[in-house]
Peer 1: 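Let me give you the structure first, and then I'll get to my questions.
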Amino acid sequence: MRIATYNVNGVNGRLPILLRWLEEAQPDVVCLQELKSPSERFPALAIAKAGYSAIWHGQARWNGVAILSKVGEPIELRRALPNDPDPSQSRYLEAAINGVLVAGFYAPNGNPWPGPKFDYKLAWLEELRRHVSSMFAAKASVVLIGDWNIIPTEKDVYKPERWKDDALFAPQARDFYAKMLGDGWTDALDKQFKGKPPFTFWHYWRQSFERDAGIRIDHALLNRHAAKRLKGAGVDREARSWPGTSDHAPVWIELKE
DNA sequence: ATGTCGGTGTCGCACCGA
């Protein structure tokens, strides 16, 4: 079962890109972020024609998340964190698919740092951690996958000094990620690439992609049960090179049946 | 310090968030 995450940066504006990638990559499950679309304008028909059933939680202008599946309808469990500090922001969807609990989300960016947006980021992440804490030892696979907006370590950024004042690389954000790993969660890409995982995001400007001036902020964390099933993971870098593409590349993991 | 996107409304450019 292949589960992917893709920050599309506008699901309507980049629908051709999304459909091309779905056709080529054929993931079983996809968590989308930054739909930038109200729920009523989510392109459900085009996605259904591509073979995917979907649940989504949109919002005008910003944010917005969805879960797509071609291995059975996603059974929606939650469409927000239980105590989101700002419930008006569409950032979290949780579904059961094929016996796997998939939490797909778009964590707050947090810039500028310090400031109220950064406080919201940390509060949101702590609520995520609290909410999933009881799931780690479950007798079923749990996958926390999406745009975490966290650069976990110095190895995950092209030039650490360029990002030292950014909320994505703030010590508190990195500490949070380390706490998740300390709770036992497995960073699937880091494990699969033996400590040298690829970047997942490159700015549009200054030819960042061409220079590989990227960062790693899209992650899949696995509970104990899912970690035992991990058999593959990757970043679909090529999709980042397509004309009119998102600034993120799709990230995927594969679990044994 | 700079740079580039999509979406939105104050609409045909300027803004916001990223």
Side-chain angles (χ1 to χ4, degrees), chain A residues 5-21 31-44 46-47 56-66 84-92 104-125 146-152 156-170 172-174 176-177 199-219 235-251:
Chain A
T5 177
Y6 191 9
N7 181 321
V8 281
N9 191 10
V11 72
N12 289 308
R14 299 197 204 277
L15 186 58
I17 297 284
L18 173 62
L19 295 175
R20 176 179 174 185
W21 174 71
C31 297
L32 297 177
Q33 304 90 35
E34 280 204 88
L35 302 180
K36 293 185 172 180
S37 167
S39 287
E40 56 271 24
R41 284 209 283 276
F42 181 78
I47 283 168
W56 60 92
H57 189 190
Q59 182 182 334
R61 291 194 192 91
W62 304 304
N63 308 323
V65 286
D84 189 324
D86 180 0
S88 72
Q89 303 194 25
S90 301
R91 297 187 173 276
Y92 185 89
F105 55 87
Y106 175 51
N109 175 296
N111 278 305
W113 163 56
K117 290 190 176 182
F118 189 70
D119 297 340
Y120 172 59
K121 174 180 193 159
L122 289 184
W124 192 95
L125 288 169
D147 179 354
W148 291 66
N149 268 319
I150 298 174
I151 301 169
D156 299 304
V157 51
Y158 173 65
K159 273 190 180 169
E161 62 272 23
R162 286 279 169 90
W163 289 81
K164 65 178 172 48
D165 297 326
D166 196 286
L168 279 58
F169 197 47
Q172 298 99 312
R174 285 188 271 165
F176 172 82
Y177 200 84
F199 297 144
T200 67
F201 170 95
W202 301 259
H203 269 309
Y204 287 121
W205 55 69
R206 292 172 66 88
Q207 299 196 297
S208 298
F209 183 65
E210 290 75 4
R211 295 185 293 117
D212 199 26
I215 57 176
R216 187 171 80 101
I217 54 175
D218 302 274
H219 311 296
V235 175
D236 287 347
R237 243 185 111 89
E238 201 211 324
R240 179 61 181 79
S241 74
W242 297 340
T245 197
S246 169
D247 40 9
H248 294 250
V251 177

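It should be emphasised that the depicted structure is a prediction, and the values quoted were computed from it without experimental measurement. By convention in this document, chain letters (A, B, ...) are assigned in the order of the sequence lines, proteins followed by strands, and residues within each chain are numbered from 1.
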Peer 1: Would you check if there is a donor-acceptor pair between the side chains of A/D147 and A/Q33 at a distance under 3.5 Å?
Peer 2: no
Peer 1: Ignoring hydrogens and geometry beyond distance, is a side-chain donor-acceptor pair present between A/D166 and A/N111 at under 3.5 Å?
Peer 2: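 Checked: A/D166/A/N111 side chains pair up, N/O donor to acceptor below 3.5 Å.
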Peer 1: Scan nucleotides 1-6 of chain B against the protein and return all N/O pairs shorter than 3.5 Å with their distances rounded to 0.1 Å.
Peer 2:
residue	atom	partner	partner atom	Å
B/dT2	O2	A/R206	NE	3.3
B/dT2	O2	A/R206	NH1	2.8
B/dG3	N2	A/W205	NE1	3.3
B/dG3	N3	A/W205	NE1	3.1
B/dC5	O3'	A/R14	NH2	3.3

Peer 1: If you measure from the C1' atom in B/dG7 to the same atom in B/dT2, how many Å do you get, rounded?
Peer 2: 24 Å
Peer 1: Can you check the distance between B/dC15 and B/dT10, where both ends of the measurement are the C1' atom (answer in whole Å)?
Peer 2: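 Pairwise C1' distance, B/dC15 against B/dT10, rounds to 9 Å.
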Peer 1: Quick one: A/Q59 CD to B/dT8 P, roughly how many Å, whole number?
Peer 2: 11 Å
Peer 1: Side chain to side chain contact (heavy atoms under 4.5 Å, CB included) with A/D212: which residues, sequence neighbours excluded?
Peer 2: A/F199, A/W202, A/R237
Peer 1: Which part of the nucleic acid, if any, lies within reach of A/F209 when heavy atoms closer than 4.0 Å are counted: base, sugar-phosphate only, or nothing?
Peer 2: nothing
Peer 1: Determine the Euclidean distance between corresponding C1' atoms of B/dC11 and B/dC16; express it in Å to zero decimal places.
Peer 2: 15 Å
Peer 1: Look at all strands and tell whether A/Q207 reaches a base, only sugar-phosphate, or nothing, counting heavy atoms closer than 4.0 Å.
Peer 2: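 No contact.
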Peer 1: Nearest whole Å is fine: how far is B/dA18 P from A/D218 CG?
Peer 2: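 Taking atom P of B/dA18 as the reference, CG of A/D218 is at 15 Å.
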Peer 1: For A/P38, which contact category applies under a 4.0 Å heavy-atom criterion: base, sugar-phosphate, or nothing?
Peer 2: sugar-phosphate
Peer 1: I want to confirm an ordering. Mapping A/D147 and A/R41 to their closest nucleotides on DNA chain B, which one lands closer to the 5' end?
Peer 2: A/R41
Peer 1: Ring centres under 6.0 Å, that's the criterion: do A/H203 and A/F209 meet it?
Peer 2: no
Peer 1: Who passes ring pair (Phe, Tyr, Trp, His ring centres under 6.0 Å) against A/F169, sequence neighbours left out?
Peer 2: none
Peer 1: Could you tell me how far B/dA1 sits from B/dC13 if I compare only their P atoms? Round to whole Å.
Peer 2: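 Result for the P pair: 31 Å, nearest Å.
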Peer 1: Just by distance, with hydrogens left out, do A/D165 and A/W113 show a side-chain donor and acceptor under 3.5 Å apart?
Peer 2: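 No pair is found: no donor N or O on one side chain lies under 3.5 Å from an acceptor on the other.
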